[in-house]
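All heavy atoms count here, side chains included; hydrogens, waters and symmetry mates do not. Note that ligands are numbered from 1 as they come in the structure, with each ligand's atoms numbered from 1 the same way.
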Amino acid sequence: DPIMHCLMRNNTKHLLNWSKHLSRQCTSKAIISEPKEKLLYNDMLQRRQQQATRSIVVQVQSEKSFPELYNYCASFGKILSAHHYRIHQDDDQHYILLEFGSAEEASAAISSSAYNDELSGVPAHSPFLWFRATSSKRTLKAADQTTEAKLAVIGGTTMLDNNDLNDVLCEASNLDQQIFHLHQKTQLNDLGVRLRFLAALQVKQAVSGIFPNANAQPFGSSVNGFGRMGCDLDLILRFDREIVGAAAMQKRNNESRLVFHTKENLTNGRSQTQRQMESLGDMLHLFLPGVCHVRRILQARVPIIKYHHEHLNLEVDLSMSNLTGFYMSELLYMFGEFDERVRPLTFCIRRWAQTCGLTNPSPGRWISNFSLTCLVIFFLQQMKQPILPTINALMKSASPDDIRLTEDGINCSFGRDFERISFRSRNTAKSSELLLQFFEFYSQFDFHNRAISLNEGRSISKPDHSALYIVNPLEQVLNVSKNVSLEECERLRIEVRNAAWVLESEVENPSQPDNGTQSPWGILHLFKTNEKAVIRPHMFFKPRMVEVSDLFDDSTTDTPPTSVDYKNANV
Ligand code: CTP
Ligand code: MG
């Protein structure tokens, strides 16, 4: 009616205002209510692993080499998709990931590849290749340089810079749309996930001669849906065959009369793992194409090997004994799938924490992204109308198929099938409202006396004097945020109060200001580094670097592998 009225009276200004208002209403509804198919974690992992076996990564001169590469590789099989990326935005290292129709076709392309006679390197086999210019003997036909096929993306790993992101957020029409766009524009994309699974496949293939059953599985933010573009890859090398073929292996172990001769473990489990990882580190360093800058952090609670992959521009943390971390990622994945507000909300809170300096890319005495995510999940569990179930509820809904025990006997059994878990949330709050409530909740939280339990979905009394206590959901004697100092916890309290104060007026006026300016509004006010707003304790003292002694194993500590100063830790 109002629109008809404007049309009849030819009132364009009014008409524009009305259409803007309607489009805001539609977008915010669509953002909140669009249901999405929930994929089981193991199905997702398996799909991605299979996709990696069908893929190769080829270094090329530029994206213009695509038609030539496509025509050359089409002789090995059907090419399903092609994705271009650069290592750095302004350099000339270009790569194309090609996905074939089957693993056999990708293997055919790899097997037919040549070794470079001019270099004296070890002739290692891997999915990382380069496309050389045609030799003078093979002249290119014009047809070789054209194709109907298209690259799915060009520059597919390039991140949006801060200014462009701010522009996108400025142009959103309401707060919820800002939160939604922030998530959409900064989350790890499809190509990022593909490349991480190729890094995993390379490790698996490298050890497959001696350990045909070993599996290198990504976990952490690369797969739990909370990863940002450019996030590190956490990788676990598993020998237990839990996911594929466990039952068949058990049957064989019980029935076969031929038994493998194996090496006996001479020392205790932990030092054996450390020695094995040391050799693994050497092997990766000496033989695997693309792997460089290998560091061994073997004294930390979870021994890891860190390395950089130069063809993927990726930092990798490889472990062999962190199954609870792996299952924790599955829990986080499930929490993200339960409700579509969870991930956008977490992204917004992580960005706020990053811009006000609560988190830091180098690990130390400040809160980690993982702990911050736990705070968000706990907040969503403890509401009057909870948005997420407790972990105890998930554990209760475990079926016999969900039973998982780690090698140390830790119980990681919880319901994994969304259909079977009876939890449904009736909470229909908008993301922007939840954001404000999050800050208000932690403004009031008694960090001094209470610990956060995701298992129970309520706070419990603090088991020790750690500044911030988040019970590790799968190893409940440990504290996820043991690394956080008193000063950092105090800063967290100050910053959540500031954020609640800033956001309150934005939630009252949740739409883009109508003055048509491009000045920051809404959640952008949370991301301003406002030096005058608070006198932060950290301005007066430098946080102490984590010392090497902090890294040594102590069964009562839960210093995550990334919560150490790796430079000090290289012992
Ligand atoms: N993890 C855990 N307990 C800890 C630390 C980590 O169970 N004290 C598990 C979590 O599943 C986490 C994964 O190990 O997701 C990887 O840890 P980390 O790399 O620190 O966190 P991410 O979630 O990967 O986040 P980021 O993007 O900051 O790397
Ligand atoms: Mg990580």
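Take F335 and apply the ring pair (Phe, Tyr, Trp, His ring centres under 6.0 Å) test, not counting sequence neighbours, and it matches no residue. Checked against salt bridge (Lys or Arg N to Asp or Glu O under 4.0 Å), R351 has no partners two or more places apart in sequence or in another chain.
Considering both main-chain and side-chain atoms, S329 comes within under 3.5 Å of ligand 1 through a nitrogen or oxygen pair. Every N/O-N/O distance between R350 and ligand 1 stays at or above 3.5 Å. Checked against a 3.5 angstrom limit, the closest N/O atoms of S221 and ligand 1 fall inside it. Considering backbone and side-chain atoms together, F370 places no N or O closer than 3.5 Å to any N or O of ligand 1.
Near N369, meaning under 4.0 Å from any of its heavy atoms, are these atoms of ligand 1: 28 (O). The N224 neighbourhood of ligand 1 comprises atoms 15 (O), 23 (O), with distances under 4.0 Å to a heavy atom of that residue. Near G220, meaning under 4.0 Å from one of its heavy atoms, ligand 1 places the atoms 13 (C), 15 (O), 16 (C), 24 (O).
Under the 30°/60° scheme for interplanar angles, the aromatic rings of Y333 and Y41 are found to be tilted. Using a 30° and 60° split on the angle between ring planes, F338 and F423 fall in the perpendicular class, above 60°. The aromatic rings of Y85 and Y95 lie parallel to each other, with less than 30° between the two planes, well short of the 60° mark. Ring pair F379/Y442 is tilted by interplanar angle, where 30° to 60° counts as tilted.
A heavy-atom separation below 4.0 Å is not found between D232 and ligand 1.
When heavy-atom distances to ligand 1 are checked against a 4.0 Å cut-off, F219 comes that close only through its side chain, counted from C-beta outward. Counting heavy atoms under 4.0 Å from ligand 1, residue T373 does not touch it at all.
Taken to the nearest 0.5 Å, the CG atom of L312 stands 5.5 Å off from the CG atom of L195.
Among the atoms of D234, an N, O or S atom is found under 2.8 Å from the Mg ion (ligand 2).
Both tests hold for R416 against F414: distance to the six-membered ring centre under 6.0 Å, angle to the ring axis within 45°.
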